[in-house]
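Written below as structure tokens is the structure these notes are about.
It should be emphasised that the depicted structure is a prediction, and the values quoted were computed from it without experimental measurement. Numbered from 1 within each chain, the chains take letters A, B, ... in sequence-line order.
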Amino acid sequence: MPVMNIIQAVNDALRIEMERDDRVVVMGEDVGKFGGVFRATQGLYEKFGEDRVFDTPLSEAGIVGTAIGMALYGLRPVPEIQFADFIYPAFDQIVSELAKYRYRSGGQYSCPLVIRAPYGGGIKGGHYHSQSPEAYFIHTPGLKVVIPSNPYDAKGLLISAIRDEDPVLFFEPKRIYRASKGEVPEGDYATPLEKAALVCEGEHCTVIAYGAMLHTAREAVALAAEEGIRCDLLDLRTLLPFDVEAILESVKKTGRAVVVHEAPRTCGFGAELSATIHERALLHLEAPVLRITGFDTPFPYTLEHDYLPDAQRVLSGIRKTVKF
Amino acid sequence: MPVMNIIQAVNDALRIEMERDDRVVVMGEDVGKFGGVFRATQGLYEKFGEDRVFDTPLSEAGIVGTAIGMALYGLRPVPEIQFADFIYPAFDQIVSELAKYRYRSGGQYSCPLVIRAPYGGGIKGGHYHSQSPEAYFIHTPGLKVVIPSNPYDAKGLLISAIRDEDPVLFFEPKRIYRASKGEVPEGDYATPLEKAALVCEGEHCTVIAYGAMLHTAREAVALAAEEGIRCDLLDLRTLLPFDVEAILESVKKTGRAVVVHEAPRTCGFGAELSATIHERALLHLEAPVLRITGFDTPFPYTLEHDYLPDAQRVLSGIRKTVKF
Amino acid sequence: MKAATVVEENLVRVLGDGGRVEKDKDPGLSDDDLLTLYRTMLLTRLLDERMVKFQRQGRIGFYIGSTGEEAAIVGAAFAMGREDWLVPSYRELGAAFLRGFSLREFICQLFGNAEDLIKGRQMPIHYASSRFRVLSISSPVGTQIPHAVGIAMAARIRKTREVVLVFLGEGATSEGDFHTSMNFAGVFKTPCVFVCRNNQWAISVPRDKQTASESIAIKARAYGFEGVQVDGNDVLAVYATTKEAFQKARRGGGPTFIEAFSYRLGAHSTSDDPRVYRSENEVLDWMKRDPLVRFRQYLEKKKLWDKERDEKLTHDLNHDILATLKEVEKIGPPPDQSLFEDVFGTMPWHLREQRDELLQWLKEKGDKLENN
Amino acid sequence: MKAATVVEENLVRVLGDGGRVEKDKDPGLSDDDLLTLYRTMLLTRLLDERMVKFQRQGRIGFYIGSTGEEAAIVGAAFAMGREDWLVPSYRELGAAFLRGFSLREFICQLFGNAEDLIKGRQMPIHYASSRFRVLSISSPVGTQIPHAVGIAMAARIRKTREVVLVFLGEGATSEGDFHTSMNFAGVFKTPCVFVCRNNQWAISVPRDKQTASESIAIKARAYGFEGVQVDGNDVLAVYATTKEAFQKARRGGGPTFIEAFSYRLGAHSTSDDPRVYRSENEVLDWMKRDPLVRFRQYLEKKKLWDKERDEKLTHDLNHDILATLKEVEKIGPPPDQSLFEDVFGTMPWHLREQRDELLQWLKEKGDKLENN
Ligand SMILES: Cc1ncc(C[n+]2csc(CCOP(=O)(O)OP(=O)(O)O)c2C)c(N)n1
Ligand SMILES: Cc1ncc(C[n+]2csc(CCOP(=O)(O)OP(=O)(O)O)c2C)c(N)n1
Ligand SMILES: [Mg+2]
Ligand SMILES: [Mg+2]
């Protein structure tokens, strides 16, 4: 099996889906001849031509808005937003239109499309090249939200997302775009949406993470193991609808949970996970669910290392939870 | 003391602040001569003239974006968004600019302005005249979020919001714009932000609500009292920063909490309240914090009565929590 | 507050005073076609009258009419072929009727009942019909425009002959979505025809406070394609201009922007009272240019129409409306569990749970009511 | 992929070939002023060279230069008065320097260190200076434009003489914020001057794929005010045109839109490699129109400048840059707890808690490191 990084896996998934289904088109700023500022669409323009891989004018609202039209028509657009931080000009089209189109037309229309966007910090990107906006979309009925943490999943989940009947926000962990490498099968395979992966097992505590933070959490779990604390580590992969069964099964076993994400804490996805776990497993819990997250500040530049959860911080959360 | 409804109280607050401070300007769609589609700005155009009360072209991004400029200049704009559902075209300006301006300029600039918008369901407004978007803004560092539930608070909180040094999202419960009436002092008074109000007291359960749902919750609390279940009822008023002390004090007393809001459940503000309470008061809890909320669907039309929490539903939540 | 700016000399016009017509510009429609146009315009006019009353009586929740703008709406949509796509704002019922959307389907939507094609999900007037390629109406102003351009981009990619007709108000030209859509249309040379109903008002905001541009049509130049200003109260002029734009689009000539210069004679919607913000005189002035009257005079001059036929058609249409209303009023609401359908194609666990939660609550409530 | 479209005959130009000048258009600046212009242009040019190297060495994280566009930037900003407001995009360092922003302040920002005016909060190049009325730079393209219009609206409301100068790229004209800002500016007749640096590229997307309009300047007509296309590599033409626009604005004549026709000679930023998307020949062609060279020829012809003086100034500026860098590199980062400041004017409870949480963690970490 070839070894790929996440960018290559994303590129491979796009190529495979475009070969399989001529309704799939790729669009966005700099995705054509240039191949994307992160190179995720490299080679597609040459292979599939400018009708199916094209640069757009500089307008995220236009990218998503016209992609909606294409999906209504019957195509399967895969628009790229250059950075997740720049998705907000398209927020109205996503929240008011994309998310609601099937529902408000009584199921007469649907908008199967995948918005790809690199998200997250750790690349010294400051305010606007670092954000993790997943909670906004998880809170919006009608959208699915997927975040892979490794090349294998990146490819398999992106293929599933493109084949899905509904709109998917597909956020890619740009911090580990190249650093995360692994074996990726050639050709076509689909990793099912809505299923978490149990990355490692242990009986003392459940650690829940996704995307780039999965790696931070894994480091922390390894450190905890050195101290004799053994953890279940769940990689959520699909954030909405999230895999409540996998979560509850693990938490009922361990009686403890730590949730990790980069986004600001207040009203972040960790709040939902915490609420859900407490609601459904209170009597199994030995400690409150703990959130290790980004702080409630805009994403900083110089103090990025203070802002982002690191393994030590997750470890200290695990310790605190286990000692509670 | 005169009796006012919420619209009149808002109008009174605007008038008083405009009289007191000539930097305060009111802007938005149809707010000028017409006095606003809900009449909240009625009479202001005549009193303060078209320089300080003006209609804008039909662009929410333009309204908020230029209001930011005015605030940077030193004015105190109070832009109106005609319905909270139409705030999304301005989402980028709010989230990327308004919320971050003080922080990213190292405190050199600030944006004191108040965005007013009627929110919430119950008026047969369907998808786009019913939404409760508070969670998006609570999750965005740099914004304050305020929702009054009665005329007295509407006036006092709006006055405080206009005097605040930071941007405030001020969502008004349009369902009870006219139905909620009460005595409102004439002239100038400020209700402090960041403080909840304890509406009634009881030892069995804490019910937390805000805006229009406060009234639903109050009804439910009254019904519960008939069954011998006595509740603390907290009107949050400011959602960010919320009054964690008042919440914890009550929950530690009752050992139980029910949170009520109209917005969709997943990743709604109820999730944050639930997570916060569990994190800080787990050992005091006799039952998991329960969320009674809108469902995770777009806001419907015909089945609005099914969607919106009513007193029966809140009551059944209180019962369930108390019996847990 | 002056509402109407117009570069009069550029206005495309076919129908003159008293039913006269500029011969060389007459699009030469068949008698049947002419009568279809008139019938559709009259139908929406009568619906407007009836539904405003109905709303006042509390029998429907809300209504938006098109009185005064029928020519712009019906004239433009008449240029469409079966394979084309209609992307309405919220004031183009006549266009939907021309596509085949039925009165009954429309009225079911007003009631949001169990037979409503959109399952009672949206306010009155927010219909959708995939069968007739009528997109789903959305309240937010301007959000439909990029969808139209996207469909046209798709048609170009798939190399079909489909053309998209999108409607918007002059107020909508202020939104970012208008700009971005027009720009994409220009860059990708999409087969898309924009018809902007400049009815001089966006609720209480007059045209001159909406934009300082000399006309609305000129905005198209910022995107590198043609903008035309047409007399929006002249159904033949609107039809001819739109037809030409469609032909150009089908030839691969790209988009056209049409400003239909007209006037909203009624209130913005049943929630509005225009007397607060505009003068009765302005309205009376525009009533003189009523597009229905102008067209009827033309038909009469052509001997296709007379008072008697008009009275009979009015009577028949009113009868249809009332009969349909009567029938439709009996239909119940959609079932409670339908609240959770169509959020996704397949219902995920959390919505299944919430559905069961609701049904359980409703059962409790029902039991309680029974016990009382 | 053709990048440059221009309606050549309309291009405002003052500097001809070989330092010649169109006499009647010469704005007649004093010798001091001319040298200030040149000095500022040269300073940013030298900084570009130095900082790209610095970034490659990993000593700063990121850089964006303005090589090739100095005339458009410095020429426009030179029209400003003390009381005016500068609203930059991210490529107008020369303009900030003219406002009084110092080299040291700038370099502290590049490092995001403890003396950085914005406390290390943003990436390099995202400076702000309230003292000099330079707004805070933001990465999202186009978001600054409505702020400029808002400030101008405020100035009009307060009846002052302030004028706002806002910069944007031609790519930014595609965003909704551009549209809405231009429209507000037209409707409210705000004292705002828009300078659009049309440098032919938005990262890899050429001007012709950005918009189909015949020029960028013509877009102003959609908003009812004047759009002018000026040779952006001609510092005197840019200055003269902007000065006129400022005078008009101060007279109450409203906004002006200026398209400065130019070219980005360097990469988009240090993250970019333009060889992937554009030809070397195109770049070489534009190098012949280097705005610094053109202006120097003029100064030489005027006997204000010569090779010797140029070498000395280059040497001095380079020395300043290096000396400042050396000094500034020693300054440490802002304190950890500053992470939580300025989110709000007064720190609320949850941020105080989170601050304490961080400091506690850092202490734990430090203790651990000490123990190891
Ligand atoms: C994004 C958004 N903002 C505000 C509104 C409220 N609103 C509904 S219609 C309307 C005026 C629309 O004017 P125009 O585009 O001219 O269309 P017309 O109603 O005149 O046909 C406004 C402001 C809305 N529906 N959507
Ligand atoms: C909203 C948004 N979308 C995308 C980007 C990524 N991006 C940064 S600069 C740029 C191109 C800008 O081009 P232009 O406006 O012509 O300015 P120039 O860089 O040429 O000076 C893009 C696409 C961004 N910063 N913000
Ligand atoms: Mg209108
Ligand atoms: Mg450019």
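Scanning all heavy atoms of the two residues, the minimum distance from F188(D) to P57(B) falls at CE1-CD, 3.9 Å. Heavy-atom minimum distance, P348(D) versus E194(B): CB-OE1, 4.5 Å. Contact record, Q93(B) with P146(D): NE2-CG, 3.3 Å, taken as the closest heavy-atom pair.
A 6.0 Å sphere centred on CD of E249(B) holds no more than 12 heavy atoms belonging to other residues, nucleotides or ligands. In this structure, E50(B) places its CD atom where only 12 or fewer heavy-atom neighbours from other residues, nucleotides or ligands lie under 6.0 Å away. Atom NZ of K253(B) has more than 12 neighbouring heavy atoms from other residues, nucleotides or ligands inside a 6.0 Å radius. No more than 12 heavy-atom neighbours from other residues, nucleotides or ligands sit within 6.0 angstrom of CD on E245(B).
Heavy atoms of A67(B) lying under 4.5 Å from chain D are absent altogether. For L143(B), the part sitting under 4.5 Å from any heavy atom of chain D is the backbone (N, CA, C, O) and nothing else. Residue contact with chain D, scored on non-hydrogen atoms closer than 4.5 Å, involves the backbone and the side chain of L72(B) alike. Contacts of T346(D) with chain B are made by both backbone and side-chain atoms, with heavy-atom separations under 4.5 Å. The part of F54(B) that comes within reach of chain D is its side chain, from C-beta onward, which places non-hydrogen atoms under 4.5 angstrom from that chain. Residue S110(B): no heavy atom, backbone or side chain, is found under 4.5 Å from chain D. Looking at V187(D), only its side chain comes within 4.5 Å of chain B, counting heavy atoms on both sides. Proximity to chain B (any heavy atom under 4.5 Å) is shown, for S181(D), by neither the backbone nor the side chain. With a threshold of 4.5 angstrom between heavy atoms, E175(D) does not approach chain B through any atom at all. Contact of Y127(D) with chain B is not made at all, since no heavy-atom distance falls under 4.5 Å. Residue D22(B) touches chain D through both its backbone and its side chain, counting heavy-atom pairs closer than 4.5 Å. Both the backbone and the side chain of K144(B) come within less than 4.5 Å of a heavy atom in chain D.
Annotation: residues 153-172 of chain D contacts chain B through M153(D), A154(D), A155(D), R156(D), I157(D), R158(D), K159(D), T160(D), E162(D) [non-hydrogen atoms, separation under 4.5 Å].
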Hey, mind stepping through F344(D) and L240(B) against side-chain contact (heavy atoms from CB on, under 4.5 Å) and telling me if it holds?
CA-CA 12 Å; F344(D) 296 101; L240(B) 197 100; 4.1 Å; yes

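One distance of note links CH2 of W349(D) with CZ of F242(B); it measures 4.0 Å at 0.5 Å rounding. Put simply, CD1 on I137(D) and CZ on R104(B) are 9.0 Å apart, with the number rounded to the nearest 0.5 Å. The line from CD1 of I68(B) to CD1 of I151(D) is 11.0 Å long, rounded to the nearest 0.5 Å. Taken to the nearest 0.5 Å, the OH atom of Y103(B) stands 4.0 Å off from the CG atom of L339(D). Rounding to the nearest 0.5 angstrom, the gap separating the CG atom in D342(D) from the OG atom in S105(B) is 7.0 Å. To the nearest 0.5 Å, the span separating CD on E272(B) from NE2 on H350(D) amounts to 9.0 Å.
Annotation: maximal heavy-atom pairing with chain B below 4.5 Å, among N183(D), L135(D), D177(D), V87(D), occurs at L135(D). By number of non-hydrogen pairs under 4.5 angstrom with chain D, the leading residue of A61(B), G142(B), G107(B), P112(B) is G142(B). Considering only heavy-atom pairs separated by less than 4.5 Å from chain B, the leading option among T143(D), L351(D), V149(D) is T143(D). Comparing V25(B), D51(B), D164(B), D92(B) by how many heavy-atom pairs each has under 4.5 Å with chain D, the most go to D51(B). When the candidates G176(D), A128(D), P334(D), S130(D) are compared by the number of heavy-atom contacts under 4.5 Å with chain B, S130(D) comes out ahead. Among V64(B), T276(B), I63(B), the residue making the largest number of heavy-atom pairs under 4.5 Å with chain D is I63(B). Interface check for chain B: of the options S138(D), A152(D), P140(D), S136(D), the most heavy-atom pairs under 4.5 Å are formed by S136(D).
Residues E97(B) and Q144(D) form no side-chain contact, since every pair of their non-hydrogen atoms from C-beta on lies 4.5 Å or further apart.
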